[in-house]
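Heads up, the thing below is written out as structure tokens.
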Amino acid sequence: MFHEIPKLDKKGLGDFGLMMAAFIAIVFGLIFPLLWSHDLPLVPWIIASILAILSLLIPRSLAPIYRGWMRVAQVLAWVNNRLILGLIFFLIVTPMALIMKIIKRDPLHRKFEFKLETYRVSSQIKNKVSMEKPY
């Protein structure tokens with residue numbers, strides 16, 4: 001179900017530690033307390049400082065944290081792929097298809113026509129000006 005977690009070198013683990021330290025400090029040390037009108041807590045800043053120091057001095061010590069975080073990321077990716085995309089499909093694509101079926105709109109022109117010799121739609125030759133700015 002889940003893929004193997006790739007191993008990181010010292011630089012990768014150090015970058016991961018610094019990024020997590022910044023994330024914890026900014027989100028849990030600043031944004032959430034300011035949004036909820038609380039005093040700035042000390043705990044996120046201590047955790048962020050420890051992570052930053054470990055990532056600069058001994059980045060290999062962050063390997064277990066990295067593996068745990070990647071497991072969380074895999075679970076979130078699984079939820080995203082199955083649940084969120086499934087909801088989008090059934091809440092957006094399916095109603096669109098039903099509406100198109102009700103109003104008898106067929107953008108693919110799938111109706112079988114006995115009198116046609118071919119279903120090929122000839123392309124139109126374009127002039128040079130249309131190719132100057134294709135988008």
query: Got a sec, which residues hit ring-ring contact (aromatic ring centres under 6.0 Å, His included) with Phe28, two or more places apart in sequence or on another chain?
result: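 Listed in chain order: Phe32.
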With Arg110 via salt bridge (Lys or Arg N to Asp or Glu O under 4.0 Å) - residues at least two apart: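 For Arg110 the salt bridge (Lys or Arg N to Asp or Glu O under 4.0 Å) partners, ignoring immediate neighbours, are Asp106.
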message: Restricting to salt bridge (Lys or Arg N to Asp or Glu O under 4.0 Å), what partner residues turn up for Lys111, sequence neighbours left out?
response: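 So Lys111 forms no salt bridge (Lys or Arg N to Asp or Glu O under 4.0 Å) with any residue.
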Check residues 38-50 and write down every donor-acceptor pair under 3.5 Å in which the side-chain atom is one partner and the other belongs to a residue at least two apart or another chain.
{"unit_1": "Ser49", "atom_1": "OG", "unit_2": "Trp45", "atom_2": "O", "d": "2.7"}

What pairs with [X] under side chain to side chain contact (heavy atoms under 4.5 Å, CB included), at least two apart in sequence or on another chain?
X: Phe112; answer: Phe114, Tyr119
X: Met100; answer: Arg105, Pro107
X: Ile58; answer: Leu54, Ser61
X: Ala63; answer: Leu13, Arg67

message: Does anything in residues 20-37 form a side chain to side chain donor-acceptor pair (under 3.5 Å)? List the pairs, not counting sequence neighbours.
response: none
task: Kindly check if the number of other-residue, nucleotide or ligand heavy atoms within 6.0 Å of CD1 (Ile125) is above 12?
output: no
- request: Give a yes or no answer on whether the side chain of Ser55 reaches the backbone of Ala52 with a donor-acceptor pair at less than 3.5 Å.
  value: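 Yes.
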Indicate if [X] and [Y] have the same hydrophobic cluster label, given that clusters are the connected sets of ILVMFWY residues with side-chain heavy-atom separations under 4.5 angstrom.
X: Val79; Y: Leu87; answer: yes
X: Leu76; Y: Ile84; answer: no
X: Met20; Y: Leu57; answer: yes
X: Leu30; Y: Ile24; answer: no

task: Check side-chain hydrogen bond (donor to acceptor under 3.5 Å, both in side chains) between Lys126 and all other residues, then give those that pass, not counting sequence neighbours.
output: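 Residues passing side-chain hydrogen bond (donor to acceptor under 3.5 Å, both in side chains) with Lys126: none at all.
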message: Filter on salt bridge (Lys or Arg N to Asp or Glu O under 4.0 Å), then keep only pairs touching residues 11-30, sequence neighbours left out; what's left?
response: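 Sorted result for residues 11-30: Lys11-Asp15.
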message: Strictly by ring-ring contact (aromatic ring centres under 6.0 Å, His included), give each pair with a member in residues 47-66 just once, sequence neighbours left out.
response: Phe16-Tyr66
message: Are the side chains of Leu51 and Leu18 in contact, using a 4.5 Å heavy-atom criterion?
response: no
